[in-house]
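Here is the structure we will look at, set down as structure tokens.
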Amino acid sequence: MRNQNLFVALRAAFPADLDATAVETDNGLCYSWRDLDRATAMVANLLQSLDIAPAADGVPPRVAAQVEKSVEAMILYLATLRAGFVFLPLNTAYQSAEIEYFIGNATPAVVVCGSKNFNWVSKIAFRAGTRHVFTLDDDRTGSLLERAARHGDQQTPAHKGADDLAAIVYTSGTTGRSKGAMLSHGNLLSNAAVLKDYWDWQPGDVLIHALPIFHVHGLFVAIHGALLNGSKMLWHGKFDPKRVIADLPRATVFMGVPTLYVRMLAEPGLTQAQAAHMRLFISGSAPLLIEIFNDWRTRAGHTILERYGMSETIMLTSNPCFPDARYGNQSERRGGTVGFALPGVSVRVRGEDDGTGGQPLPVDEIGGIQVKGPNVFSGYWQMPEKTHEEFTADGFFKTGDVGKLDERGYVTIVGRSKDLIISGGYNVYPAEVEGYLNEMPGVMESAIVGVPHPDFGEVGVAVVIAKPGAHLDADRLIAQLKAKLANFKIPKRCFIASELPRNTMGKVQKNLLRVQYQRLFQAA
Ligand code: MLC
Ligand code: AMP
């Protein structure tokens, strides 16, 4: 049977000239395609040489990585695929309680972390039974590379079937517990192949990669897109609007969350002349305001292509690059929509879930967005009940997003049924943060709502009620939260109130809080 290891497909797309530049970094380093091939072989050989007991359940060993963005971090991801192990990306903002949960839940055989975090991360890892903890820093140092340097630069990629597990991506949960979305080699490859076609990747394309590589957008959509096309990447360690704008004349494709577009629009250097060489600007991970879509057209002279995805499904809809033959010649990119179901992917909108997955709705009616296709994950890691709950009887995944489908096939997202805030493209589940707040001394209860923010799109605002007789200080609560949770999850403001608005059933009326605070950041 053909080897369906995703790495094999990516490697097969490398250009014939292996000495050409594959990645150029913003600190002046160049990596050739040969470098990527050799380095991934060395790291894969290292992983395969480790003393790891075979798991009773047959699931390949997991490699958890909480490392700063670097080309070597990408090499670690590719090497993990190559070795046939399972990759577990972790945001560098996560604090010890969060890391403890992920490592305890996924029980990785290998953990890779920044050297400054080695002490606490290795303690957590060893306690959870992980035997191999390596370091990797963004200056090409760390024990991972030292050890890999002792291994050969030839390696035969592990044989994989399409359904074999390639990565586990944790998404926070509405109940506070994070769930690991299990993605297979087939999920990732089929999605990358569809996008290559749908976004019309061209032989000379050059991608500006300025997103973090701990999540679906930067790790899969951007990296797979470039590699599967044999395209060079201009690699930005951290997003800096001026530096991205400076690189536009050397690039053709850019992918960003809306905040990146907002920040670039604030730069006088963004002009049509500067963006003239670009072919495609893609936005996703959070709603793109129509004003930003329009401003970008005027200032940069390009129509942003907005697409919609999630950790569980990778990309499910997209506006087209050119009018989509399936929908007629009027099917242009349309602001305020997330486009059409990708080829091979079924997207539908259903009514209130009555246990059957919801009734079909007429066009333009608002309901729950559901999806089925080769891109959709197989389930949550070790959570069969949760997985069962999230799928309909006929195999559609309930996204938790609320939207509509018009008669032309465009999908528009109008909200979410899940209590989720998307801040600067990162997901924040209020239930998780409220859980931490509620445990703090003197706190009786709390509610966190998302409100509009000019930079991050949406941010969390906390309303906290004190226990009788307790005195709470909002700044102290925020400081205490910062010690426990990733920084992007911290509410931007905290208010101490005497009570939370409730309906007759006693349920907190978050909609009223949202209205109360919706203008909080308007003048910011
Ligand atoms: C940083 N901060 C944020 C934040 N990012 N606050 C809220 N939301 C965010 N997203 C806060 C920090 O806590 C800190 O606050 C201050 O901003 C400065 O931190 P920083 O790290 O210097 O910020 P910056 O580099 O400016 O980062 C902003 C950003 C980053 C927009 C560049 O958040 C980012 O790269 N976002 C992209 C996320 C992404 O890739 N999402 C894809 C998910 S995949 P303080 O108080 O500590 O100083 C997905 C599926 C799909 O959703 O469809 O793609
Ligand atoms: P994540 O769990 O990080 O993968 O985030 C997935 C969620 O991001 C989706 O369920 C949507 O709510 C949201 N999302 C992704 N792309 C878009 C988009 N283009 N517009 C609105 N929301 C989006």
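When a ligand or atom number is given, it counts from 1 through the structure's own listing order. Basis for what follows: all heavy atoms, side chains included, without hydrogens, waters or symmetry-related copies. Residues take their numbers from the sequence shown, with the count starting at 1. In this text, all values refer to a predicted model and were calculated from it rather than measured experimentally.
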So which of Y426, F220, F456 gets nearest to atom 4 (C) of ligand 1, if we judge by its closest heavy atom?
F456
Should you measure from each heavy atom of I413, which atoms of ligand 2 turn up under 4.0 Å away?
20 (N), 21 (C), 22 (N)
Provide the number and element of each atom of ligand 2 under 4.0 Å from a heavy atom of I422.
8 (O), 12 (O), 13 (C)
Counting heavy atoms only, which of G336, G457, P287 comes nearest to atom 21 (C) of ligand 2?
P287
With the threshold set at 4.0 Å, does a side-chain nitrogen-carboxylate oxygen contact exist between R408 and D406?
no
Give a yes or no on whether a salt bridge exists between E434 and K510, defined as a side-chain N under 4.0 angstrom from a carboxylate O.
yes
Do K238 and D138 meet the salt-bridge criterion of a basic N to acidic O distance under 4.0 Å?
no
So for V338, does at least one of its heavy atoms come nearer than 4.0 angstrom to any atom of ligand 2?
yes
When you measure from the heavy atoms of K418 to every atom of ligand 2, does any distance fall below 4.0 Å?
yes
Measure from atom 43 (C) of ligand 1 to every heavy atom in G218, A486, G457, G425 and give the option owning the shortest one.
G425
Any N/O pair E306/ligand 2 closer than 3.5 Å
yes
Nearest heavy atom to atom 35 (O) of ligand 1: which of P212, G460, A210 does it belong to?
P212
When you compare ligand 2 with S285, is there at least one nitrogen or oxygen pair between them that comes in under 3.5 angstrom?
yes
Part of N487 within contact of ligand 1 (heavy atoms, under 4.0 Å):
both
Within 45° of the ring axis of F396 and under 6.0 Å from its six-membered ring centre, is that where the NZ or CZ of R348 lies?
yes
For atom 9 (C) of ligand 2, state which one of N427, V414, D401 supplies the nearest heavy atom.
D401
Considering only heavy atoms of R307, which atoms of ligand 2 have at least one such atom less than 4.0 Å away?
16 (N), 18 (C), 19 (N)
Taking 4.0 Å as the limit for heavy-atom contacts, which would you say applies to L288 with ligand 2: side chain only, backbone only, both, or neither?
neither
Decide whether an N or O pair under 3.5 Å exists between Y308 and ligand 2.
no
Which atoms of ligand 2 are found less than 4.0 Å from any heavy atom of S311?
1 (P), 2 (O), 3 (O), 4 (O)
Ion pair check, D455 and K492, cut-off under 4.0 Å:
no
